[in-house]
Each structure stands twice: as C-alpha cells, then as structure tokens.
Amino acid sequence: NRSRILMIVLDNGVAAATGFQPSPSSPKDATGRKVPALNIENIATACGVEAVYHVAADENALRLKTTFQAALAETVLTLVIVRVTDQPYH
C-alpha cells in the first residue's frame with residue numbers, strides 16, 4: 001500500500017522472553033545442536049520488505065546515525081537489523 005513503515009529488529013541471537021533459548025537466527029537449537037540459522041533479511045524480503053539495512057549496536061555513532069537516516073529516507077517498507085551482541089554480523 002506504499003505506506004512509509006520502518007521496522008527495527010534488535011537481533012541478540014536469543015529470545016530472552018522465553019528463558020534465553022537460541023532465536024531462529026541462531027545456528028543452534030534449544031538443546032545446543034547445530035541447525036541451519038534462519039536469515040531475518042530473507043524472511044523479511046519474502047514478506048515484501050523492499051529495503052534492508054544492517055548495523056551493529058556497537059558501531060560508531062556516525063555509522064548508526066547515517067544508517068538510520070538512510071532508512072528513514074526510504075519511501076518503501078524498510079527494515080533495519082541491529083545486531084546487539086559481541087558476535088560479528090553474519
């Protein structure tokens with residue numbers, strides 16, 4: 001419908017509300033076995049998201065600011081994925 005919507009995902013790799021089990025984007029299941037990690041960007045684009053930005057929460061302030069400014073300037077359904085752990089973004 002061409003609404004200007006910005007979604008933000010804070011990806012810490014776990015679901016804290018459920019006792020810190022690995023999230024679907026984690027390469028491990030709840031028992032610690034290796035499993036394919038689901039890709040948040042791929043899921044979002046399959047649902048119609050047209051613009052996706054990636055940034056780590058520990059990036060410098062200028063990088064965070066420019067990422068969010070670019071995302072806010074979009075006129076399409078937009079997603080910013082913010083990695084919030086000490087692990088590098090995959």
Side-chain angles (χ1 to χ4, degrees):
N1 65 13
R2 294 296 171 206
S3 297
R4 292 183 66 194
I5 296 173
L6 172 61
M7 298 178 290
I8 301 168
V9 170
L10 302 175
D11 181 12
N12 67 352
V14 296
T18 61
F20 292 97
Q21 290 92 350
S23 74
S25 66
S26 170
K28 294 183 180 179
D29 68 12
T31 64
R33 293 179 297 200
K34 288 186 176 184
V35 295
L38 298 178
N39 183 297
I40 295 170
E41 179 177 354
N42 290 349
I43 294 168
T45 55
C47 293
V49 173
E50 296 180 50
V52 179
Y53 293 84
H54 299 270
V55 68
D58 61 356
E59 298 267 1
N60 68 55
L62 180 59
R63 169 92 164 97
L64 288 166
K65 181 179 178 180
T66 57
T67 298
F68 278 94
Q69 285 176 327
L72 286 165
E74 294 285 354
T75 60
V76 296
L77 185 56
T78 304
L79 171 66
V80 176
I81 301 171
V82 182
R83 183 76 177 162
V84 291
T85 68
D86 59 357
Q87 300 172 2
Y89 199 84
H90 54 276

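Not measured: the values here are computed from a predicted model.
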Which residue, N39, V55, I8, I40, forms the side chain to side chain contact (heavy atoms under 4.5 Å, CB included) with I81?
I40
Among residues two or more places apart or on two chains, list those pairs meeting salt bridge (Lys or Arg N to Asp or Glu O under 4.0 Å) that have a residue in residues 26-36.
D29-R33
Rounded distance (nearest 0.5 Å) linking atom CG of L6 with atom CG of L72:
5.5 Å
Quick one: does T67's side chain have a donor or acceptor within less than 3.5 Å of a partner on K65's backbone?
no
What pair of heavy atoms forms the shortest contact from A57 to L64, and how long is it?
O-CD1, 3.8 Å
L77 versus M7: any side-chain heavy-atom pair under 4.5 Å?
yes
Who pairs with A44 by side chain to side chain contact (heavy atoms under 4.5 Å, CB included), at least two apart in sequence or on another chain?
V49, L79
So, using salt bridge (charged side-chain N to carboxylate O under 4.0 Å, His left out) as the criterion, who are the partners of E59 when residues are at least two apart?
R63
Hey, mind stepping through E41 and I43 against side chain to side chain contact (heavy atoms under 4.5 Å, CB included) and telling me if it holds?
CA-CA 5 Å; E41 179 177 354; I43 294 168; over 6 Å; no
What closest approach, in Å, do V80 and A71 show between heavy atoms, and which atom pair accounts for it?
CG2-CB, 3.5 Å
T75, V76, T45 screened by side chain to side chain contact (heavy atoms under 4.5 Å, CB included) with E50, the one that passes:
V76
Test: salt bridge (Lys or Arg N to Asp or Glu O under 4.0 Å). Region: residues 66-77. Which pairs qualify, not counting sequence neighbours?
none
Partner set under side chain to side chain contact (heavy atoms under 4.5 Å, CB included) for A70, not counting sequence neighbours:
Y53
